[in-house]
Student: 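Quick one: structure below, then a few questions.
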Amino acid sequence: TASTFRAADTIVKKTERGNPKPDPNKLVFGATYSDHMLTIKHTNKAGWGKPVIEPLTDLKIHPGAKVLHYATELFEGMKAYRGDDGKIRLFRPDLNMKRMLSTAERSVLPTFDGNELLECIKKLVQVDAEWVPRSKSSTLYIRPTLIGTEPTLGVAAPSESLLFVVTGPVGPYFPTGFKPVSLLADTFHCRAFPGGMGAFKAGSNYGPTIYVNKLAQEQGCQQVLWLYGEKRYITEVGTMNVFMCIKNKKGGVELVTPPLNGLILPGVTRQSIIDLGRTWKDITVSERDITIDELLEAQQDNRLLEMFGAGTAAIVCPVERIVYEGKSYDLATMDKGAPITSRFHDEIVDIQFGRKPSKWTVDV
Ligand code: PLP
Ligand code: COI
């Protein structure tokens, strides 16, 4: 049985008539799909089959498929960027492959050679190259997904699975410049816990957050600030990692983000901000625990300079307000236009669009 598929075996069946491309100024995240998809089947008997690139179509799965009952599913989120030079690039896709494989292992879904999937994704993007926006800010979102399709209702590892990748153009998260968000620091619900799935990109982590996000919206906030435990450690913001720039008592600037302690998704954007920040002379980067009390103490002492979320979709997302225990706290993030947040944004975008050469980009 094949323990991995090979990109060299890919069967490509191109559509005869592609769909019309949407107006690049009217893209809603995840609502438009490119013409083709990649599918690869796995069975315990035969191992991995051949990758197939074919016109996007509905999946046919049995109503007993494990994914429909027990959320035997994982996904990834990455983008292809068309540079000013016309070249299409991926950004640190090796980190997505690594995270996909670690989630597959934790979910007892079949594993594979991540380099082979990366090569298949490059082929898929090449086939739909016309769908990668010619734009300074729009991109092609790529959604690799792995589901357990075996049609039996036992709670067990699936003996049949399907890996698929769909893509679609997405607009800039902030078409008219940074739009800061406010957060509800919820003291009851939690996104992740020790021994749980928080460090993995399993679909089952996301469904339960929708209710809590609704509570946040009812209180005039856009997203949830996820806290953990009696000490109320800050963990993540909505579906993003979180960063806080704090002036310490000696006057230096510390960029704090929670450590990868099992409660935090190892974000590609998070890692990139840490790596870039460590090359800057004017800040120190700390991966350390931080409680909501410490954050609000810094805010009250005027030492909290900026706070932002970080993820593939938005890159960075400034935070301007936190609601906690019925009180609203205005943060200084936007007072001077969020210079630290903006600098991370600009450095990352310059790399993604090929304006600054970097080992982090991979040509498609
Ligand atoms: N945290 C969560 C819970 C996420 O779903 C994501 C997703 O994209 C991130 C953080 C950011 O990760 P990345 O930078 O790899 O997109
Ligand atoms: C991100 O890219 O930052 C996300 O959180 C993606 C989300 C749709 C799961």
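Every number for a ligand or one of its atoms is a count from 1 in the order of the listing. These numbers come from the heavy atoms of this one structure, side chains and all, not from hydrogens, waters or symmetry mates.
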Student: Around atom 1 (C) of ligand 2, find the nearest protein heavy atom and jot down its residue, atom name and distance.
Tutor: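 Nearest protein contact, heavy atoms only, for atom 1 (C) of ligand 2 is A313 N, 3.5 Å.
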
Student: Quick check: is V181 connected to L331 through a chain of hydrophobic side chains (ILVMFWY, heavy atoms under 4.5 Å apart)?
Tutor: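 Looking at the clustering, V181 is in the same group as L331.
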
Student: Can you tell whether the side chains of E287 and R278 come within less than 4.0 Å, N to carboxylate O?
Tutor: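 Salt bridge flag = yes for R278 with E287.
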
Student: When you check ligand 1 against the protein, what N or O pairs turn up below 3.5 Å? List the atom names and distances, or just say none.
Tutor:
| from | atom 1 | to | atom 2 | distance (Å) |
| --- | --- | --- | --- | --- |
| ligand 1 | 1 (N) | E236 | OE1 | 2.5 |
| ligand 1 | 5 (O) | K201 | NZ | 3.1 |
| ligand 1 | 5 (O) | Y206 | OH | 2.5 |
| ligand 1 | 8 (O) | K201 | NZ | 3.0 |
| ligand 1 | 14 (O) | V268 | N | 3.2 |
| ligand 1 | 14 (O) | T269 | N | 2.9 |
| ligand 1 | 14 (O) | T269 | OG1 | 2.6 |
| ligand 1 | 15 (O) | R99 | NH1 | 2.8 |
| ligand 1 | 15 (O) | R99 | NH2 | 3.2 |
| ligand 1 | 15 (O) | V268 | N | 2.8 |
| ligand 1 | 16 (O) | T312 | N | 2.9 |
| ligand 1 | 16 (O) | T312 | OG1 | 2.6 |

Student: Establish, from distance only, whether the side-chain atoms of R191 and T209 form a donor-acceptor pair under 3.5 Å.
Tutor: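 R191 vs T209: no donor-acceptor pair found between side chains.
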
Student: Tell me whether the centres of the aromatic rings in H189 and Y211 are closer together than 6.0 Å.
Tutor: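 Yes - the distance between ring centres of H189 and Y211 falls below the 6.0 Å cut-off.
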
Student: Considering only heavy atoms of T312, which atoms of ligand 2 have at least one such atom less than 4.0 Å away?
Tutor: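 Listed by number with element: 1 (C), 2 (O), 3 (O).
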
Student: Tell me, which pairs form a ring pair (Phe, Tyr, Trp, His ring centres under 6.0 Å) where one or both residues lie in residues 231-281, sequence neighbours left out?
Tutor: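 Only F243-F308, W280-F344 qualify under ring pair (Phe, Tyr, Trp, His ring centres under 6.0 Å).
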
Student: Give the residue and atom name of whichever protein heavy atom lies nearest to atom 4 (C) of ligand 2, and the separation in Å to one decimal.
Tutor: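 Result for atom 4 (C) of ligand 2: T239 OG1, 3.8 Å.
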
Student: Can a side-chain donor-acceptor contact be found between T4 and E116 if the only test is distance below 3.5 angstrom?
Tutor: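 No donor-acceptor contact under 3.5 Å links the two side chains.
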
Student: Which of the numbered atoms in ligand 2 are below 4.0 angstrom from a heavy atom of G311?
Tutor: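 Counting atoms of ligand 2 from 1, those under 4.0 Å from G311 are 3 (O).
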
Student: Is any side-chain N of the basic residue among R288 and E294 closer than 4.0 Å to the acidic one's carboxylate O?
Tutor: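 Counted as a salt bridge, because a side-chain N and a carboxylate O are separated by less than 4.0 Å.
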
Student: What is the closest protein heavy atom to atom 6 (C) of ligand 2, and at what distance does it sit?
Tutor: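 Looking at atom 6 (C) of ligand 2, the protein heavy atom closest to it is Y141 OH, 4.1 Å.
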
Student: About how many Å separate CD1 of I11 and CD1 of I53, when rounded to the nearest 0.5 Å?
Tutor: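 CD1 of I11 is found 10.5 Å from CD1 of I53.
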
